[in-house]
J.: 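Please read through the structure below; I'll follow up with questions.
Any value given below was found using the heavy atoms of this structure, including those in side chains, with hydrogens, waters and symmetry copies removed.
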Amino acid sequence: MEINFKFKEAAKVDPVRIEQVIAEKPGGGLVANPSFEVAPTTAVAEQDGKFVPIKDYRLAAAVVAADTTIKIEKGSGVAVGDIIGHGKLGVKCTKVDNSNADYDVVTVTLGKEIAADTVLYQAKEASADAAEPIHTPAYVVGNRVPANEGDFPVRLINGANLRKETACIAPEVAALLPLITLV
């Protein structure tokens, strides 16, 4: 019998991002009201007693040197004006097309080949050879942070083994966290 039965799709399963936690901040902290959903393993930096995320941009498709647009997986929070970094290269985003359901098309010219699934980072300023993350990371978040719901309490991890295939952190940012290892 199906009285008052309503079909509901199963929730999307989050991939495993954290292999092993070694150290974390007792009591966690507050992430300042983000404008985009922050996934676990996203790096955060401390500002005025709260934490702000360092955006990560996972490539949905490979990039070749001549490309003037790149495809970034949904959920990164990419916005016009963001500086997208890879290695020491930082390039300003001039347009974002989010009409595709699977990825955002971002107008930038990186000028080099980059493999699909590579994680890029939010850089401080545009540069051909001296880009660095927008903030100095202090921790990675251990739980999901919803968008536009005010300051949100999080688990703050400063020592862990993270899965490089699914972690929301660029290798350049992870390198600034001495106890974070991408495995």
J.: Going through the distances and angles, do Thr42 and Val145 end up as a side-chain contact (heavy atoms from CB on, under 4.5 Å)?
T.: CA-CA 10 Å; Thr42 300; Val145 179; over 6 Å; no

J.: Are Ile54 and Leu176 linked, directly or through intermediate hydrophobic residues, by side-chain heavy-atom contacts shorter than 4.5 Å (ILVMFWY only)?
T.: no

J.: Do you reckon Leu89 sits in the same ILVMFWY cluster as Ile70, going by side-chain contacts under 4.5 Å, direct or chained?
T.: yes

J.: Once rounded to the nearest 0.5 Å, what's the spacing between atom CG of Asn161 and atom CG of Leu179?
T.: 10.0 Å

J.: Considering only residues two or more places apart or on different chains, which pairs with a residue in residues 36-54 satisfy salt bridge (Lys or Arg N to Asp or Glu O under 4.0 Å)?
T.: Glu37-Arg144, Lys50-Asp151

J.: Measure the CD-CD distance between Glu172 and Glu132 for me, rounded to the nearest 0.5 Å.
T.: 12.0 Å

J.: Taking the side chain as every heavy atom from C-beta outward, state whether Val154 and Tyr139 have any atom pair closer than 4.5 Å.
T.: no

J.: May I have the step-by-step check of side-chain contact (heavy atoms from CB on, under 4.5 Å) for Lys92 and Ile83, ending in yes or no?
T.: CA-CA 4 Å; Lys92 188 173 186 176; Ile83 308 298; 3.6 Å; yes

J.: Nearest 0.5 Å please: distance from the OG atom of Ser76 over to the CG atom of Asp82.
T.: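 CG of Asp82 is found 8.0 Å from OG of Ser76.
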
J.: Please give me the minimum heavy-atom distance between Ile169 and Thr41, naming the atom from each residue.
T.: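 For Ile169 and Thr41, the tightest heavy-atom pair comes out as CB-O, 3.6 Å.
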
J.: Going from CG on Leu120 to NZ on Lys55, what distance comes out if it is rounded to the nearest 0.5 angstrom?
T.: 13.5 Å

J.: Mind listing the closest non-hydrogen atom pair of Arg58 and Asp117 along with its distance?
T.: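 Shortest heavy-atom contact: NH1-O, 2.9 Å.
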
J.: Please find the pair of heavy atoms, one from Ala138 and one from Asn158, that lie closest to each other, and give the distance.
T.: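 That closest heavy-atom pairing would be O-CB, 4.0 Å.
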
J.: Any Lys/Arg nitrogen of Asp102 or Lys74 sitting under 4.0 Å from an Asp/Glu carboxylate oxygen of the other?
T.: no

J.: Working to the nearest 0.5 angstrom, can you tell me the gap between Ile18 CD1 and Ile180 CD1?
T.: 8.5 Å

J.: Ignoring hydrogens and geometry, is there a side-chain-to-backbone donor-acceptor pair from Thr107 to Thr94 under 3.5 Å?
T.: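 No, because the side chain of Thr107 does not come within donor-acceptor range (under 3.5 Å) of the backbone of Thr94.
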
J.: What is the distance from atom OG1 of Thr136 to atom CD of Gln47, rounded to the nearest 0.5 Å?
T.: 10.0 Å

J.: Can Asp67 and Leu110 be said to form a side-chain contact (heavy atoms from CB on, under 4.5 Å), step by step?
T.: CA-CA 7 Å; Asp67 285 348; Leu110 295 172; over 6 Å; no

J.: Which heavy atom in Cys168 sits nearest to a heavy atom in Asp56, and how many Å separate them?
T.: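 Closest pair (atom of Cys168, atom of Asp56, distance): O-OD1, 3.3 Å.
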
J.: Find out whether Phe152 and Asn143 are in side-chain contact, i.e. whether some heavy atom of one side chain is under 4.5 Å from a heavy atom of the other.
T.: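 Yes, their side chains come closer than 4.5 Å.
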
J.: Would a hydrophobic clustering, with Ile, Leu, Val, Met, Phe, Trp and Tyr connected at side-chain separations under 4.5 Å, put Leu182 with Val173?
T.: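 Leu182 clusters together with Val173.
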
J.: Are Val106 and Ile114 connected in the hydrophobic side-chain network, where two residues link if heavy atoms are under 4.5 Å apart?
T.: yes

J.: Would you find a donor on one side and an acceptor on the other, under 3.5 Å apart, between the side chain of Thr166 and the backbone of Val16?
T.: yes

J.: In this structure, would Val78 and Leu59 fall into the same cluster of hydrophobic residues linked by side-chain contacts under 4.5 Å?
T.: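 As far as the 4.5 Å side-chain criterion goes, Leu59 and Val78 are connected within one cluster.
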
J.: Quick one: are Ser35 and Asn148 in side-chain contact, heavy atoms under 4.5 Å?
T.: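 They are in contact (side-chain heavy atoms under 4.5 Å apart), so the answer is yes.
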
J.: Check whether any side-chain heavy atom of Ile84 lies under 4.5 Å from a side-chain heavy atom of Ile72, and answer yes or no.
T.: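 In short, these two side chains touch, coming nearer than 4.5 Å.
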
J.: Can you name the nearest heavy-atom pair linking Glu113 to Val64, along with the distance?
T.: CG-CA, 3.9 Å

J.: Give the minimum heavy-atom separation between Tyr121 and His86, together with the two atoms involved.
T.: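 Tyr121 and His86 have their closest heavy atoms at CE2-N, 3.7 Å.
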
J.: Any non-hydrogen side-chain atom of Pro53 less than 4.5 Å from a side-chain atom of Val31?
T.: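 Sidechains of Val31 and Pro53: in contact.
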
